[in-house]
Each structure stands twice: as C-alpha cells, then as structure tokens.
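Worksheet: the structure to be examined is printed underneath.
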Number of protein chains: 2
Amino acid sequence: MSAGKTRNEIIKAADQLIYLNGYEHTSFATIANVVKISRGNFYYHFKTKDQILNAVIEQRKTNTRSMIRQWEQQHTKPAERIKCYIKIILQNWPKIKQHGCPVGTLCNEMTKLSHPSQKQARGIFTIFRKWLRDQFRLLGHEEQADQLAMHVLSWSQGVATMASTFKAQQFAENEVDQMCRWLDELTTGKSI
Amino acid sequence: MSAGKTRNEIIKAADQLIYLNGYEHTSFATIANVVKISRGNFYYHFKTKDQILNAVIEQRKTNTRSMIRQWEQQHTKPAERIKCYIKIILQNWPKIKQHGCPVGTLCNEMTKLSHPSQKQARGIFTIFRKWLRDQFRLLGHEEQADQLAMHVLSWSQGVATMASTFKAQQFAENEVDQMCRWLDELTTGKSI
DNA sequence: CTAATTATAGGTCAATCGTCCTAATGCGAG
DNA sequence: CTCGCATTAGGACGATTGACCTATAATTAG
C-alpha cells in the first residue's frame, strides 16, 4: 500500500522539475534521482513519460480547485475573490521571476511541441476561466462574463511573461495595482 | 565566398525550426536535414548549438528593426505606428495560433532553462520596448512612456498566450480592438 | 508458515543528442 | 596548371534519452 506514497512522491518531484526546467528538459533519470528511486521502480508506476505528465497535470488541477476553494472561504465578495487570483503573481514572485507562470509556461511548451496533452494542460486554465466567469456573473456582468474572465487571465499572463523576462518586480506591482483598480471601476458600474 | 550563403541558410532554417518546435527540441541533425547539408559542414560554420541560437537572435533583432522602420515609413502618427505593433498578432494569427509569439515563447524557454542567452533573447523585446517608449513620448507621455510601453508589450503577450492556448481568434480580435480603443483614449488625453 | 502478489533494483536496448575529427572536394591566386 | 586555402562530407565519440526486461526483496493473503 506504500505504492501510492511512492507514486505521489514521483508526481510531486515531477511537478517541481517540470515547473523549474520544463517538461522536455525533465528526464526519467532526474526525477528518479530526486525521489531516490531506481529507474526500474519508476517504470513500475509510469509506463511512459506522457503518463507522468498527465498525472502532474491532474494534480495541478486538484491543487487549483483546492486553492480556489480557499479563496471562496476567505472572501464572500466576488471582487475580492478575483483579486486573490490577480495577486498570485506577487505572492509567488520569487518563483515566477525565475520560472514564469506554471500554467502559462506549460501550455506554451505543449503548444510548441504540438503535444497530445495540450488539451489537458489547457484544462488548468479552464478551471480558472470558468471560476472567474462565475465571479463576474455574480458581479452582474452576465453577457460579458466569459470575456472578462479571459481578459483577466490574459492580463495576468502578459504580466507574468514580461515581468519574468525582465525580472521586473516593480512593473508587476504596477500592473497588479492597475488590474485591481480596473476591477473596482467595473464593480462600481463604469464601462470597461 | 558561398560560405556566407550557407551560413545564412542555416540561420534561416534554425530560425524557423526554433520558432516552430522550440530551441531545445531543435537539433543539429534536423537543421542540417532542412538545409540539405552534412553535419560536418554544419560544424564548420557553428561550433556549438548556442552559437546558432545567438546568430538566430541577432537575425531576429535585425528583422525587428527592419519591421519597425517600415512602420515608421508607413505612418507618421505615433498612435498609428503603435497600432501596427498591436495588430501583428492578427496578421500572423495562423502561425501564432500554432506556435505562439516568436519572441515571448523564446524568452519563456530561455528563462525556464536558465540559458546564458536569456539576456540576448530579452534584447528583442527591448527593441520593441524602447521604440514604443519613443512613440509614447511623441504622444506627450514623457514620464509614463516606459510604463506604457511595457503595458502594451505585456498586453500583447497575454493575448498571444491565451489566444494560442485556446485557439481563440475571436478573443484575439476583441482584445486588439480594446487595445486600439485604449490607445485612442490615451491619445485624446484621458487617463489610463 | 507459505504462497502469491506487490514493489523495487539495476542492467540493457536502440535511438538521438552535441561535439569533434579527418579525408575529400571546390576554387581562386600565382 | 598547380599550390593553398576555404568549404564540404561523413564517420565516430561518449553521454543521455525513453523504454523495456528480468531478478530480487518486501508485503500481504490464506
């Protein structure tokens, strides 16, 4: 029954390594070394590299849902919840500075490799997208809800890319402020 | 003297392949096959893979400067010039849909690999950044010029990432429209 | 306790990676 | 024409890749 434990450790290590160095750059051997396990044992749990990737994506989805649940518990106002998402980039700044947004960079790599798991990776974004859409609906923006959700996702992605490229924390802070103010104006009923 | 010709063909092919499949996924052999050249000949022109990358980046910088020069010749109004940049994503949509923004995805990969050429790749963005900054200065936004330039770069990057991830052309068009309207408001003297 | 199942270790495989080398060309200057 | 340099071809290298296999150790079931 310790199989599940080993499996989880593999997924956890793979998750980290894929975030730090990218999927293609992450090898069987590297993961096995981190988990301190033989490559043979590794193969017992995952037959192919893509299977690990899918397991990692599934775990990221689970973590994402869990994080969203926390936001919902911490704040009842939709606008405050959305700001939680907006501010992730500042909370995780040290890591984002060096390795970018975990979701965005993975999707970029999947797109570039025309990888079969492209759709699954996109699914992480979809969780955020649907949730943001729901929050905007609660704010009374029925029709534009999805468009606004995509706008927030897109805005954050751009900031993550440019801030990590230029290692520009100040820029990230400025943009987060702008996003919050934009959201406030949206809440008080002005046009976008 | 045909050495320069072969060298240019190598750079051209490498440029394409790196854009399509990413730097790490692009091998010596693949490039050599495309150029129809032996790997030995390849080594005569470029000793290491990083040398090819740097040559590709340099060419992209040259192409970037050339593109900017065209914009300056086509439009005298800074706002119209900036719109040229904003609209690239729609002009190159078929390719961006499948492979993302050439600059952004390369910088992302360099960041992820902690690659020595990270700074050089960032230089392509810097060309756009400085040029956009100059255009905003011409529009009378002296102090905020650089911040506005980064804002435009960031906005475009986000749209490119999300649009390519979700293969969403409609979203890209919407965002480009928003960016143009935002720019118009900025031009007519309203606040950002 | 024993048998069966689960889990781990470690070796092997062909393919590919970046790199390097030498031999054979092409070609222009004298 | 010939000498010498520039260019090309193609093989070989050690290392690493994802994948696979078998033998052993650990655990569980009866």
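All of these numbers come straight from a predicted model, not from anything done at the bench. Numbers restart at 1 for each chain; the letters A, B, ... are given by sequence-line order, proteins then strands.
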Does B/Ser27 have a side-chain nitrogen or oxygen under 4.0 Å from the phosphate oxygens OP1 or OP2 of C/dC17?
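Yes.
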Is any side-chain N or O of A/His45 closer than 4.0 Å to OP1 or OP2 of C/dT8?
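Yes, within the criterion.
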Count the heavy atoms belonging to other residues, nucleotides or ligands that lie under 6.0 Å from [atom1] of [X], then report whether that count exceeds 12.
X        : atom1 : result
B/Gln74  : CD    : yes
A/Lys49  : NZ    : yes
B/Lys167 : NZ    : yes

Student check: side-chain heavy atoms of A/Tyr19 and A/Arg60 closer than 4.5 Å:
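They are in contact (side-chain heavy atoms under 4.5 Å apart), so the answer is yes.
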Roughly how many Å is it from [atom1] in [X] to [atom2] in [N], rounded to a whole number?
X        : N      : atom1 : atom2 : answer
A/Glu24  : C/dT16 : CD    : P     : 14 Å
B/Phe42  : C/dT19 : CZ    : P     : 10 Å
A/Lys5   : C/dT6  : NZ    : C1'   : 15 Å
A/Lys47  : D/dC21 : NZ    : P     : 9 Å
B/Lys36  : D/dG10 : NZ    : P     : 14 Å
A/Phe46  : C/dA7  : CZ    : P     : 13 Å
B/Leu113 : C/dG18 : CG    : P     : 13 Å
B/Leu53  : C/dG18 : CG    : C1'   : 14 Å

Verify the ring-centre separation between B/Tyr85 and B/Phe128: is it less than 6.0 angstrom?
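Yes; B/Tyr85 has its ring centre under 6.0 Å from that of B/Phe128.
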[X], nearest nucleotide to its side chain (from [options]):
X       : options               : value
B/Thr6  : D/dT8, C/dA9, D/dA9   : D/dT8
B/Tyr44 : D/dT17, C/dT8, D/dA6  : D/dA6
A/Ala29 : D/dT17, D/dG10, C/dA9 : D/dT17

Summarise how protein sits on nucleotides 21-28 of chain C as a single string, 5' to 3': B when a protein heavy atom is under 4.0 Å from the base, S for sugar-phosphate-only contact, - for no contact.
--------
Salt-bridge present (B/Lys12, B/Glu9; N to O < 4.0 Å)
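Between B/Glu9 and B/Lys12 there is no salt bridge, as every charged N stays at least 4.0 Å from the carboxylate O atoms.
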Tell me whether the guanidinium CZ or amine NZ of B/Lys112 lies under 6.0 angstrom from the six-membered ring centre of A/Tyr23 and within 45° of its axis.
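The answer is no, since B/Lys112 fails at least one limit relative to A/Tyr23.
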Which part of the nucleic acid, if any, lies within reach of A/Phe28 when heavy atoms closer than 4.0 Å are counted: base, sugar-phosphate only, or nothing?
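A/Phe28: backbone/sugar contact only, no base atoms under 4.0 Å.
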